[in-house]
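Worksheet: one structure, shown below.
Just so we're clear, the structure is a prediction, and the values are computed from it rather than from any experiment. We name chains A, B, ... by the order of the sequence lines, and we start the count at 1 in each one. Side-chain atoms are counted along with the backbone in the values below, which use heavy atoms only and exclude waters and symmetry mates.
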2 protein chains.
Amino acid sequence: MTALQTLESEVDASCCTTSGKPALSAKEAQQRALVFKALADPNRLRLLSIVKAGESGEACVCDLTEPLDLGQPTVSHHLKILVDAGLLHREKRGTWAYFSLVPGALDDAAGLLATL
Amino acid sequence: MTALQTLESEVDASCCTTSGKPALSAKEAQQRALVFKALADPNRLRLLSIVKAGESGEACVCDLTEPLDLGQPTVSHHLKILVDAGLLHREKRGTWAYFSLVPGALDDAAGLLATL
DNA sequence: CAACCATATCGACGGATTTCAATTTGTTGC
DNA sequence: GCAACAAATTGAAATCCGTCGATATGGTTG
């Protein structure tokens, strides 16, 4: 269960049917903060950007270490955080791991700001 | 100059006129990360939420310490981070400091995700 | 099986972040 | 001026985060 998936189930169970706008509960705030924490690092923003900008829509770790000028373990670490947040999808084919944007995930994250 | 204002001037000077989508530069990524860093804390999300939910659209520090169960210096610290990020506006009237959402700031932040 | 390659994980280090208690600043009212 | 109050700042402690080197895992190829 990624952070964004957890948030979507929260919405189902919460109270946004009519018009009342109670402030964010501590629990909801913590869940949303997980997503923004994943976005709160310049190198992770660049990873998302590079994956998004690529022709094929996907990239492997070896394509990402050079433009970021970071070691391979560090890039793997950042990618894991983005996957755990529900922003990236990871597919292993052979020796390589290909990462792609989860469809709609960035829009969902943007929506978290609109519904604060 | 807040983080969001800096980002808006970046847009003016950058290359988004036609269609090419070069990946985020290190500098751009760092600027955007500043905004998401401000959003990456559950207590700060709650502060934004409480200010937004309030009738008058503004709140002072003394209104915010109790619902967050944090000390006054800590709340002041979080509010300063949100002001520096360009998300909140601070207006001092008498002894009290009133904080309100900067109009459009949350939308701008959401837009940063759409244009990665 | 053995060598190799891409990726993931581990352990550690340095720097940033969150929080609080104590103090300071600045304003109001006596 | 002085007492009282709201807010900001300071300093310190605990925790968290980003990074790296070393190592482990797992698939591919000879």
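- Of the candidates C:dA8, C:dC20, C:dT19, the closest approach to any side-chain atom of A:Ser76 belongs to C:dA8.
- A sub-4.0 Å separation between OP1 or OP2 of C:dA8 and a side-chain N or O of A:Arg90 is present.
- Counting only heavy atoms from C-beta on, B:Thr74 has its side chain closest to C:dT19 among C:dT19, C:dA22, C:dT18.
- Set against C:dA8, D:dA7, C:dT18, the side chain of A:Ala97 has C:dA8 as its closest nucleotide.
- A:His78 is listed as a side-chain neighbour of A:Leu70, based on a closest heavy-atom distance under 4.5 Å.
- With the nearest nucleotide of DNA chain D identified for both B:Leu79 and A:Lys92, B:Leu79 has the one nearer the 5' end.
- Geometrically, A:Arg93 engages A:Tyr98 in a cation-pi contact defined by less than 6.0 Å to the ring centre and at most 45° from the axis.
- A 4.5 Å side-chain heavy-atom check between B:Phe99 and B:Leu82 finds every atom pair outside the cut-off.
- Contact annotation for A:Tyr98: no contact, since no heavy-atom pair falls under 4.0 Å across all strands.
- For the pair B:His78 NE2 and C:dA16 P, the interatomic distance rounds to 18 Å; values are reported in whole Å.
- Side-chain proximity of A:Ile81 to D:dA7, C:dT7, D:dG18: nearest is D:dG18.
- In B:Gln30, the CD atom is not crowded: 12 or fewer heavy atoms of neighbouring residues, nucleotides or ligands sit closer than 6.0 Å.
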Heteroatom pairs (N/O) under 3.5 angstrom, protein to nucleotides 28-30 of chain D:
none

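- In this structure, B:His77 does not reach the D:dA7 phosphate: none of its side-chain N or O atoms is under 4.0 Å from OP1 or OP2.
- Under the 4.5 Å side-chain criterion, counting only non-hydrogen atoms from C-beta, B:Leu64 is in contact with B:Leu79.
- Listed for the A:Gln31 side chain is no donor-acceptor partner under 3.5 Å among the backbone atoms of A:Glu28.
- B:Thr115 and B:Arg32 share a donor-acceptor pair across their side chains, judged by distance under 3.5 Å alone.
- A:Phe36 has its CZ atom 18 Å from the P atom of C:dT17, to the nearest Å.
- Residue B:Leu88 contributes atom CG, which lies 16 Å from atom C1' of D:dA7 at whole-angstrom precision.
- Evaluation of atom-type donor-acceptor distances gives no pair under 3.5 Å for the side chain of B:Gln72 against the base of D:dA6.
- Among the atoms of the strands shown, only primed sugar atoms or phosphate atoms (P, OP1, OP2) are found under 4.0 Å from some heavy atom of B:Lys80.
- Which of C:dT18, C:dT7, D:dA8 sits closest to the side chain of B:Asp41 comes down to C:dT18.
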